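So the structure is just underneath, and the comments pick up after that.
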Amino acid sequence: MKEILKRAFLGIAISLAISQVITLIVSLCIHNGQYYPYYPILERKYGGQLGAMCVQTLVNIGYGLVFALSTFIFAKDRWSLTRQTLTHFFLITTCCLLGGWICYWYPHTVFGILIALAEYVITYIIIWICVYQNYKKQVNQINEFADSEEKE
């Protein structure tokens, strides 16, 4: 239980920090001296600035929780790496699409959903390949060390 709470709070903190940095980057890119903490449509959809910020913050907290707690999927030794990866992928993708829908991060059209889905899939694949290669490198180093120990 302690590990669950630790990961949950760390995930929330990281998610909120990342969301702040993203809003700053977006605001700097617009380059008109204004700060944009959320998409303007959220004010109309959620009853003003406070409602918009609350929704955006709750979505980011949800992201943090889901992303942090989803790491436990990879601790299931009975599951194959394929099953772990696919379960994690569907959980994260569902979370991202739902959060993006709620916060209007993409158009509420079939095309908008397909573009968002493609972005998530490509991003997930790139991250997965990087993590997989890193683990593969670590396993090879451990095997090389074990082989050198056996020869001595």
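Owing to the predicted nature of the structure, the values given are computational and were not obtained by experimental measurement.
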Checklist entry - At their closest point, which heavy atom of G11 faces which heavy atom of A68, and how far apart are they? => result CA-CB, 3.7 Å
Next on the checklist: Which heavy atom of G112 sits nearest to which heavy atom of Y106, and what is that distance?
Outcome noted: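 In terms of heavy atoms, the two residues are closest at O-CD1, 3.7 Å.
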Are [Y] and [X] connected into the same hydrophobic cluster when the rule is that any two of I, L, V, M, F, W, Y join if their side-chain heavy atoms are below 4.5 Å apart?
X    : Y    : answer
F9   : I14  : no
V121 : L98  : yes
I92  : F90  : yes
F74  : Y135 : no
F89  : I113 : yes

Could you tell me whether the side chain of [Y] reaches within less than 4.5 Å of the side chain of [X], counting heavy atoms only?
X   : Y    : value
Y63 : I12  : no
Y38 : V55  : no
Y46 : I102 : yes
Y35 : T23  : yes
I4  : F72  : yes
S19 : Q56  : no
V59 : W105 : yes
I30 : Y36  : yes

Give, for atom [atom1] of [X] and atom [atom2] of [Y], the distance between the pair rounded to the nearest 0.5 Å.
X    : Y    : atom1 : atom2 : answer
I41  : C103 : CD1   : SG    : 11.5 Å
L86  : L81  : CG    : CG    : 9.0 Å
N140 : Q133 : CG    : CD    : 9.5 Å
C130 : I125 : SG    : CD1   : 12.0 Å
I115 : T109 : CD1   : OG1   : 9.0 Å
K137 : I142 : NZ    : CD1   : 12.5 Å

Item to check | Qualifying salt bridge (Lys or Arg N to Asp or Glu O under 4.0 Å) pairs, either residue in residues 4-32, two or more places apart | outcome: E3-K6, E3-R7
Checklist entry - Would a distance-only check, ignoring hydrogens and angles, find a side-chain to backbone donor-acceptor pair under 3.5 Å from T57 to C54? => result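 A pair under 3.5 Å: no.
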Checklist entry - Which class fits the ring pair Y104 and H108: parallel under 30°, tilted 30 to 60°, perpendicular over 60°? => result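 Judged by the thresholds at 30° and 60°, the geometry between Y104 and H108 is parallel.
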Checklist entry - Got a sec: does the CG of L50 have more than 12 other heavy atoms crowding it under 6.0 Å? => result no
Item to check | Any pair counted as side-chain hydrogen bond (donor to acceptor under 3.5 Å, both in side chains), so long as it reaches residues 75-88, sequence neighbours left out | outcome: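 Found S70-H88, T85-W128, H88-Y124.
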